[in-house]
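What follows is a set of notes on a single structure, which appears directly below.
Heavy-atom basis, side chains included; hydrogens, waters and symmetry copies ignored.
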Amino acid sequence: MTDQYGRRIHYLRVSVTDRCDLRCRYCMPEEGVEWVEHSHILSYEQIVRLVRAAAGLGIDTVRLTGGEPLVRKGLDKLVWAVKAIDGIRAVTLTTNGVLLAQQLPALRAAGLDGVNLSLDTLDRGQYAAIARRDLLPRALEGLEAALNTPGLKVKLNCVPMGDNDDQLVPLAALARDRALDVRFIELMPIGLGSSLPRRTQTEVLEKLEGAFGPALPCAQGGGSGPGRYVTFGGFTGRVGFISAVSHQFCESCNRVRLTATGFLKTCLQYETGVNLKALLESGADGAAIRAAMEGAIFAKPACHHFSAPGTAEDERRSMYQIGG
């Protein structure tokens with residue numbers, strides 16, 4: 001499947017819930033969260049049907065997200081069902097890691113290929129302030145479980161926000177002795193994140209080079225995302241940057257998102273897309289669903305405009321409502 005600009009779209013991020021066991025400042029309000037009613041959330045059977053249709057259009061990589069996907073029961077069954085779809089070569093997971101250690105054996109047995117673990121600090125007090133929950137030991141237990149699972153690709157995602165500046169070097173140092181990708185993701189000006197300070201790729205790299213010496217080029221392969229990687233002398237793993245604002249990569253975008261409520265979202269910044277849950281519930285057959293997907297993907301916007309004034313079509317929801 002290619003869009004109107006010739007980009008091959010083969011990566012689908014699927015949000016399975018808007019719920020989460022943390023309340024990270026850039027993602028969710030601390031109190032008064034209005035959850036989507038369960039009846040409005042895609043069932044696992046509906047997700048499988050939509051992924052099967054997407055696979056028929058060339059989607060081959062699926063990432064399960066939330067909210068926090070591990071708060072939804074039976075996620076290993078969804079992993080197994082999605083991995084069994086013809087054409088799907090990889091199923092991965094983005095998680096905060098709090099529930100990962102307990103669930104990882106079943107997820108790996110179901111065919112899970114990789115884990116991206118979100119972790120913004122190694123300082124327990126700072127973690128509690130950012131996530132508004134004192135759960136760092138459990139997140140680190142999840143990271144260790146992932147690193148000790150044979151064959152599982154593990155990445156750690158950190159959002160540099162200014163107040164965790166002192167943690168960027170310690171987090172990157174985790175890749176010194178482990179086969180781990182530590183990635184620094186620029187804070188997206190979406191929802192609550194639009195009012196918070198952020199650090200750019202240039203600022204983060206300057207801090208890391210001050211600690212580890214000059215960044216060294218390394219292989220860029222190993223994933224379906226937009227990460228750009230370097231390494232440092234003596235490192236086993238890599239350090240990556242996903243810098244959608246300061247180093248825009250829209251020309252190579254290969255993904256679309258399916259929200260927990262069944263909306264196929266073709267660009268993070270815009271509300272444009274198609275309501276696939278409504279199609280399913282109207283009795284649409286596979287051909288109609290594929291046609292709706294194909295039309296939405298073909299019309300995918302050329303690029304975001306995060307550094308420019310907003311428009312009437314801009315996304316107004318927070319990240320937990322869209323899918324991380």
Test log, rule side-chain contact (heavy atoms from CB on, under 4.5 Å), inputs V239 and T231: CA-CA 6 Å; V239 172; T231 190; over 6 Å; no
For a 4.5 angstrom cut-off between non-hydrogen side-chain atoms, does [X] reach [Y]?
| X | Y | answer |
| --- | --- | --- |
| V230 | R238 | no |
| I88 | T61 | no |
| D181 | L156 | no |
| L104 | L152 | yes |
| T261 | L42 | no |
| L70 | L75 | yes |
| Q126 | D166 | yes |
| L258 | L12 | yes |

Under 3.5 Å side-chain donor-acceptor pair for [X] and [Y]:
| X | Y | result |
| --- | --- | --- |
| T94 | R63 | yes |
| Y26 | D120 | yes |
| T95 | E68 | yes |

Salt bridge (Lys or Arg N to Asp or Glu O under 4.0 Å) assessment of E281 paired with K277: CA-CA 6 Å; E281 294 176 347; K277 189 173 191 293; 2.3 Å; yes
Parallel, tilted or perpendicular, as decided by the 30° and 60° cut-offs, for the rings of F235 and F212: perpendicular
Can you hop from [X] to [Y] via hydrophobic side chains spaced under 4.5 Å?
| X | Y | result |
| --- | --- | --- |
| V169 | Y127 | yes |
| V36 | L280 | no |
| V51 | I41 | no |
| W80 | L64 | no |
| M1 | Y5 | no |

Closest heavy-atom pair and its distance - [X], [Y]:
| X | Y | answer |
| --- | --- | --- |
| R7 | A302 | NH1-O, 3.0 Å |
| A284 | A288 | CB-CB, 4.0 Å |
| V71 | R19 | CG2-O, 3.8 Å |
| G58 | H10 | O-CB, 3.5 Å |
| A292 | L279 | CB-CD1, 3.4 Å |
| L22 | M28 | O-SD, 3.6 Å |

CG/D86: more than 12 non-hydrogen atoms of other groups inside 6.0 Å: no
Q102 atom CD, over 12 foreign heavy atoms within 6.0 Å: yes
Ignoring hydrogens and angles, tell me if any N or O in the side chain of [X] forms a donor-acceptor pair with the backbone of [Y] under 3.5 Å.
| X | Y | answer |
| --- | --- | --- |
| S15 | G66 | yes |
| R108 | L112 | yes |
| R23 | C20 | yes |
| E206 | E203 | no |
| T266 | G273 | no |
| N164 | Q167 | no |
| R8 | S252 | no |

Check against side-chain contact (heavy atoms from CB on, under 4.5 Å), F184 and Q201: CA-CA 8 Å; F184 296 96; Q201 174 178 323; over 6 Å; no
Using a strict threshold of under 4.0 Å (side-chain N to carboxylate O), is an ion pair present between [Y] and [X]?
| X | Y | result |
| --- | --- | --- |
| K83 | D113 | yes |
| D285 | R290 | no |
| R178 | E144 | yes |
| D134 | R124 | yes |

Intermediate values then yes/no, side-chain contact (heavy atoms from CB on, under 4.5 Å), F232 and L216: CA-CA 6 Å; F232 297 93; L216 305 171; 5.7 Å; no
Centroid-centroid under 6.0 Å between F241 and Y229 rings: no
R255 and I9: CA distance, side-chain angles, deciding distance, side-chain contact (heavy atoms from CB on, under 4.5 Å) verdict: CA-CA 5 Å; R255 69 192 58 194; I9 310 301; 5.8 Å; no
